[in-house]
Structures are given as structure tokens and as C-alpha cells.
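The block underneath contains the structure these notes are about, expressed in C-alpha cells.
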Amino acid sequence: MTDPTPPTGIGNVPAQPITLRVGEHGASATGSLFDRIGGAPTFDRLVRRFYEGVQQDDVIWPMYPADDLEGAIWRLSAFLQQYWGGPGTYSEERGHPRLRMRHNPFRITSEARERWLLHMREAVESLGLAPLDEAELWAYLDRAAHAMTNTFD
């Protein structure tokens with residue numbers, strides 16, 4: 001018979017996941033996702049591939065600034081780079097990301113969300129990332145897309 005109680009650490013404190021660090025309070029020994037997948041060039045490739053799909057999509061392309069596509073590409077790439085451990089350029093240039101506020105003016109339905117995810121999935125897969133890195137990146141993108149849905153018909 002197995003004990004149904006969860007494992008505990010010292011003094012019945014729940015056990016925590018282990019993070020390997022380079023020093024007592026140092027950075028993760030495995031590095032940030034930003035560094036592990038190749039830094040800014042990888043995020044730039046991801047976002048450009050994503051927008052190739054978006055431009056062909058009659059549902060979501062109208063939500064994007066066709067006259068400022070390069071600006072949109074920069075904003076998404078810079079945001080993702082910052083989120084995943086890269087430079088803080090996005091916040092330095094634009095302030096706090098405030099994703100829900102910035103997306104609120106757009107009618108983001110479940111169909112729009114699924115189309116966004118389709119193009120992002122294709123872009124992520126095009127990178128050929130290690131499986132755990134791809135899973136970590138995709139989990140975030142999927143959660144973020146669901147969080148931006150603001151219209152429920």
C-alpha cells in the first residue's frame with residue numbers, strides 16, 4: 001500500500017521543484033529560454049514566420065496594422081524576447097506590456113484566437129526547437145492567446 005500524502009521537505013513543508021543554479025542565489029544553470037533557443041535571431045524568425053501566415057488570414061489580418069507591419073513585428077519579437085529572458089527593450093520603449101489592455105480594442109473571438117494559434121503553431125514548429133523548449137514556449141503562447149479572448153459570441 002502506498003502513502004497517499006504528498007512528499008514533504010524539511011519540517012513538513014511541501015517539497016519544491018529543484019532549480020539548478022550557478023551559485024547560491026545565481027541564475028539558472030540551464031539558462032533562460034531566450035539563451036537556450038538562440039536569442040533575438042530565433043525570436044525574430046518566429047515572429048516573421050508567424051506574420052507570413054497572418055497576412056494570408058482573412059479573419060485576423062484586418063486586426064493588424066498593414067501600414068506598420070514592421071512595427072508590429074518588432075513589438076511582438078521584443079516582447080517575447082523580454083518575457084523569455086532577453087533584453088528589456090520592449091518595456092524601455094513601450095512601458096509595461098499590459099497585454100489585455102493593448103488587445104482590448106480588438107474583437108478577439110474564439111475563432112480569431114484559434115487562427116492566431118494556428119499561425120503561431122506553424123511558426124514555432126518551423127524553428128526546430130528541442131522538445132522541452134518548444135513545449136515551454138508553446139504552453140505560454142497558448143495561455144496568452146486564451147487570455148486575450150475578449151468576445152464570446
Side-chain angles (χ1 to χ4, degrees), residues 6-7 14-23 25-66 68-153:
Q16 300 296 312
I18 295 172
T19 300
L20 299 175
R21 300 196 177 277
V22 295
H25 300 289
S28 168
T30 59
S32 66
L33 182 77
F34 176 83
D35 291 328
R36 289 194 319 266
I37 69 172
T42 302
F43 284 97
D44 289 342
R45 282 195 325 272
L46 170 73
V47 172
R48 286 194 180 279
R49 177 70 182 262
F50 166 73
Y51 274 106
E52 287 173 10
V54 168
Q55 289 177 75
Q56 307 306 313
D57 193 303
D58 59 347
V59 172
I60 62 174
W61 177 239
M63 292 185 221
Y64 289 88
D68 186 26
L69 182 57
E70 285 302 312
I73 290 169
W74 180 87
R75 288 185 292 274
L76 179 54
S77 184
F79 167 75
L80 291 172
Q81 290 176 45
Q82 177 176 296
Y83 182 87
W84 290 105
T89 311
Y90 180 91
S91 289
E92 291 167 9
E93 301 268 333
R94 298 188 41 88
H96 189 282
R98 300 177 301 205
L99 292 181
R100 288 193 50 88
M101 183 202 77
R102 291 185 195 275
H103 289 82
N104 198 44
F106 306 101
R107 189 173 182 272
I108 303 174
T109 62
S110 60
E111 179 186 18
R113 176 192 67 227
E114 293 307 312
R115 301 298 285 263
W116 190 94
L117 285 168
L118 169 75
H119 301 299
M120 189 55 80
R121 181 83 230 165
E122 290 171 352
V124 169
E125 288 176 356
S126 77
L127 298 175
L129 301 176
L132 289 177
D133 291 336
E134 182 175 311
E136 185 177 358
L137 176 61
W138 182 250
Y140 168 76
L141 294 167
D142 185 58
R143 283 190 315 272
H146 280 80
M148 295 306 109
T149 306
N150 61 17
T151 303
F152 304 92
D153 293 338

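Since the model is a prediction, treat every value here as computed from it, not as a measurement.
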Mind checking what makes side-chain contact (heavy atoms from CB on, under 4.5 Å) contact with H146, not counting sequence neighbours? R113, E114, L117, D142
Once rounded to the nearest 0.5 Å, what's the spacing between atom CZ of F34 and atom CG of L137? 13.0 Å
By side-chain hydrogen bond (donor to acceptor under 3.5 Å, both in side chains), R98 pairs with (sequence neighbours left out) none
So, using side-chain hydrogen bond (donor to acceptor under 3.5 Å, both in side chains) as the criterion, who are the partners of R115 when residues are at least two apart? D57
With sequence neighbours left out, which residue pairs that include part of residues 123-145 fulfil the ring pair (Phe, Tyr, Trp, His ring centres under 6.0 Å) condition? Y83-Y140, W84-Y140
Taking only residues two or more places apart in sequence or in another chain, which ones pass side-chain hydrogen bond (donor to acceptor under 3.5 Å, both in side chains) with R45? none
Find the distance between CZ (R49) and CG (L127) and round it off to the nearest 0.5 Å. 8.5 Å
Mind checking the CE-CG spacing from M120 to L80? Nearest 0.5 Å is all I need. 6.0 Å
Contacts of type salt bridge (Lys or Arg N to Asp or Glu O under 4.0 Å), residue D44, not counting sequence neighbours: none
Over 12 non-hydrogen atoms of neighbours within 6.0 angstrom of CG in L132: no
Least distance between heavy atoms, G53 atom then H119 atom: O-CE1, 3.3 Å
Do any pairs count as a salt bridge (Lys or Arg N to Asp or Glu O under 4.0 Å) and have a residue in residues 120-133, sequence neighbours left out, and if so which ones? R36-D133, R121-E125, R121-E134
Spatial distance of atom NE2 (H103) from atom CG (N150) [nearest 0.5 Å]: 9.5 Å
Anything under 3.5 Å between a donor and an acceptor, one on a side chain of residues 68-76, the other on a protein residue two or more places apart or in another chain? List them.
{"unit_1": "D68", "atom_1": "OD1", "unit_2": "G71", "atom_2": "N", "d": "3.2"}
{"unit_1": "D68", "atom_1": "OD2", "unit_2": "R75", "atom_2": "NH1", "d": "3.2"}
{"unit_1": "D68", "atom_1": "OD2", "unit_2": "R75", "atom_2": "NH2", "d": "3.4"}
{"unit_1": "E70", "atom_1": "OE1", "unit_2": "R48", "atom_2": "NH2", "d": "2.7"}
{"unit_1": "E70", "atom_1": "OE2", "unit_2": "R48", "atom_2": "NH1", "d": "3.1"}
{"unit_1": "R75", "atom_1": "NH1", "unit_2": "G71", "atom_2": "O", "d": "3.3"}

Listed by chain and number, what are the salt bridge (Lys or Arg N to Asp or Glu O under 4.0 Å) partners of D35, not counting sequence neighbours? none
Does T42 use its side chain to pair, donor to acceptor, with the backbone of I37 at less than 3.5 Å? yes
By salt bridge (Lys or Arg N to Asp or Glu O under 4.0 Å), R143 pairs with (sequence neighbours left out) none
Residue set satisfying side-chain hydrogen bond (donor to acceptor under 3.5 Å, both in side chains) with S91, at least two apart, ordered chain then number -> Q82
Y64: partners by side-chain contact (heavy atoms from CB on, under 4.5 Å), with sequence neighbours left out: F50, Y51, V54, I60, W61, W116
Indicate the atoms forming the closest heavy-atom contact of F43 with Q81, along with that distance. CB-CG, 3.6 Å
Interatomic spacing from NE2 in H96 to CZ in R102 - rounded to 0.5 Å: 9.5 Å
